[in-house]
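Notes follow the structure.
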Number of protein chains: 2
Amino acid sequence: MPEFLELHSKTSKVLRAAADAAVQRHGLRLGQDHLLAALWAEDGRTPGEIAAAVNVTTPAVTKLATRLAEAGLLERRPDPRDNRLVRLWLTPAGRALQVPIEAERQQLEDRITATLTKTERAHLLKALGKIHQALVDGP
Amino acid sequence: MPEFLELHSKTSKVLRAAADAAVQRHGLRLGQDHLLAALWAEDGRTPGEIAAAVNVTTPAVTKLATRLAEAGLLERRPDPRDNRLVRLWLTPAGRALQVPIEAERQQLEDRITATLTKTERAHLLKALGKIHQALVDGP
DNA sequence: CTGGGAACGTTAACCGGTAAACGATCTGCT
DNA sequence: AGCAGATCGTTTACCGGTTAACGTTCCCAG
């Protein structure tokens, strides 16, 4: 297997596991925090808007929303002006998770970047950005 | 969301999509190629060995193996000396995929690293390696 | 005003992955 | 020799994600 693909895959997997563990300490599962983050940034968005913001398909959001609603972290309410739309609203419990989850996430970021010098970190971000752009542009 | 985590997540997703598309052109799904790669490197391994080599749990391998067996790419055969063990053996069809899949994978790696200079690529690999190591060592 | 297309969210069917429980086999110790 | 514990693959039950099909609702052209 090519060098970068191999390394990225391994890093990705262990990073995912670390993020999952961090978020799970607060009763969430990986991905659910992203949906909540979209609502922390702006409450009352629609599933479609959230899906676009989080780079996920709409069905993924509706399933996550169902679970988060069952957990009492958000509420589904119809849009008063357009009945096709559903808007997701944070409950107090959902809003209360913002500080601890964001702290957890920052702590993980710090743990990672602590192993790098400032210039290493800058180079890494630049390279990753280039790769992301190249892939988005397509072949 | 912290900067590196955000960028890595996005890059990871688009990279996964690209790899999936590449491998799907040959009738495979993402992850199945990793299992096959483990057998190309050494045929007749057990699910547990493959799981360790690919950084995946054993049940994941048995499920993939079932699908690959149904597709006629590998065979399950019992170990003659230890009846607990099952060994996975490539069929000719499974072996025939090695060249095209590896080419596809190399092409993707090239497409990615083409956007980087030699030193950028070296720095990227080094930084990713550091991060991987830091996460594996744990908190 | 009315019909047809567009824009939504949801559902269903998959897939890869995990953790936990299960069942069969081997092995080491007394 | 025989039993207890370790080892291994599979099954089951989840979860997040995708694509495709579906049912509503809105909106606009005729």
Side-chain angles (χ1 to χ4, degrees), chain A residues 9-10 12-21 23-24 27-38 44-71 74-89, chain B residues 9-10 12-21 23-24 27-38 44-71 74-89:
Chain A
S9 167
K10 287 198 310 184
S12 210
K13 189 159 295 184
V14 60
L15 184 52
R16 180 184 182 86
D20 200 0
V23 97
Q24 213 161 337
L28 291 182
R29 309 276 314 237
L30 201 54
Q32 302 183 346
D33 57 329
H34 295 151
L35 197 165
L36 289 179
R45 302 167 97 171
T46 68
E49 289 169 357
I50 296 174
V54 182
N55 290 313
V56 157
T57 56
T58 310
V61 172
T62 75
K63 288 205 301 185
L64 287 176
T66 300
R67 293 196 175 94
L68 289 171
E70 287 169 353
L74 59 80
E75 268 185 356
R76 272 191 174 91
R77 290 213 294 266
D79 184 288
R81 317 210 298 165
D82 187 337
N83 282 332
R84 291 172 304 181
L85 302 188
V86 166
R87 299 206 168 265
L88 305 180
W89 298 92
Chain B
S9 166
K10 287 197 311 186
S12 211
K13 189 158 294 183
V14 61
L15 184 51
R16 179 185 181 87
D20 200 1
V23 96
Q24 214 160 337
L28 292 182
R29 309 279 312 239
L30 200 55
Q32 302 184 346
D33 56 329
H34 295 151
L35 199 165
L36 289 180
R45 301 167 98 172
T46 68
E49 289 169 356
I50 295 173
V54 182
N55 290 312
V56 158
T57 56
T58 310
V61 172
T62 74
K63 286 205 303 186
L64 287 177
T66 299
R67 293 198 176 92
L68 289 172
E70 285 169 355
L74 59 79
E75 268 185 356
R76 273 191 173 90
R77 291 213 295 264
D79 184 288
R81 317 209 298 165
D82 187 338
N83 282 332
R84 291 172 304 182
L85 303 188
V86 166
R87 299 203 169 268
L88 305 181
W89 297 92

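Fair warning: this is a prediction, and the values are worked out from it, not measured in the lab. Numbered from 1 within each chain, the chains take letters A, B, ... in sequence-line order.
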What side-chain donor-acceptor pairs closer than 3.5 Å can you find for residues 59-68 of chain A, not counting sequence neighbours?
| residue | atom | partner | partner atom | Å |
| --- | --- | --- | --- | --- |
| A/T62 | OG1 | A/P59 | O | 3.0 |
| A/T66 | OG1 | A/T62 | O | 2.9 |
| A/T66 | OG1 | A/R76 | NH1 | 3.4 |
| A/T66 | OG1 | A/R76 | NH2 | 3.2 |

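- Residues meeting the side chain to side chain contact (heavy atoms under 4.5 Å, CB included) test with B/S12, sequence neighbours left out: A/H8, A/S12, B/H8.
- Both A/G48 and A/K13 lie close to DNA chain C; mapped to their nearest nucleotides by heavy-atom distance, the more 5′-ward contact belongs to A/G48.
- Less than 4.0 Å separates DNA chain C from at least one heavy atom of each of the following residues of residues 50-64 of chain A: A/T58, A/P59, A/T62.
- A/D79 is linked by a salt bridge (Lys or Arg N to Asp or Glu O under 4.0 Å) to A/R87, counting only residues two or more places apart in sequence or in another chain.
- Rounded to an integer number of Å, the gap from CD of A/Q24 to P of C/dG17 is 18 Å.
- Under the rule for a side chain to side chain contact (heavy atoms under 4.5 Å, CB included), the partners of A/V54 that lie at least two apart in sequence or sit in another chain are A/H34, A/A38, A/I50, A/V56.
- Between the CG atom of A/L85 and the CD atom of A/E49 there is a distance of 8.0 Å, given to the nearest 0.5 Å.
- Between B/L30 atom CG and C/dC15 atom P the separation is 14 Å, expressed in whole Å.
- Rounding to the nearest 0.5 Å gives a distance of 10.0 Å between CG of A/L28 and CG of A/D20.
- Here the shortest heavy-atom pairing between B/L30 and B/A19 reads CD1-CB, 3.9 Å.
- Remark: B/D82 engages B/R84 in a side-chain hydrogen bond (donor to acceptor under 3.5 Å, both in side chains) (not counting sequence neighbours).
- Here A/R76 lies in heavy-atom contact (under 4.0 Å) with sugar-phosphate atoms only.
- Bracketed by its first and final contacts, the part of DNA chain D lying under 4.0 Å from non-hydrogen atoms of chain A reaches from D/dC15 to D/dC26 in 5' to 3' order.
- Mapping A/R16 and B/V86 onto DNA chain D via the closest heavy atom, the residue that lands nearer the 5' end is B/V86.
- By the 4.5 Å heavy-atom criterion applied to side chains, A/V23 and A/Q32 are not counted as neighbours.
- Rounded to 10 degrees, the angle separating the terminal helix axes of the helix from C/dC1-D/dG30 to C/dT30-D/dA1, each built from five base pairs, is 10°.
- Applying the side chain to side chain contact (heavy atoms under 4.5 Å, CB included) criterion to B/R77, with sequence neighbours excluded, gives B/E75, B/W89.
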Nucleotide by nucleotide, nucleotides 24-29 of chain C touches protein heavy atoms under 4.0 Å in the pattern (B base, S sugar-phosphate only, - none) -BS---

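- Residue A/T46 is classed as a sugar-phosphate contact, given heavy-atom separations below 4.0 Å to backbone atoms only.
- Under the rule for a side chain to side chain contact (heavy atoms under 4.5 Å, CB included), the partners of B/A18 that lie at least two apart in sequence or sit in another chain are A/L135, B/L108, B/R111.
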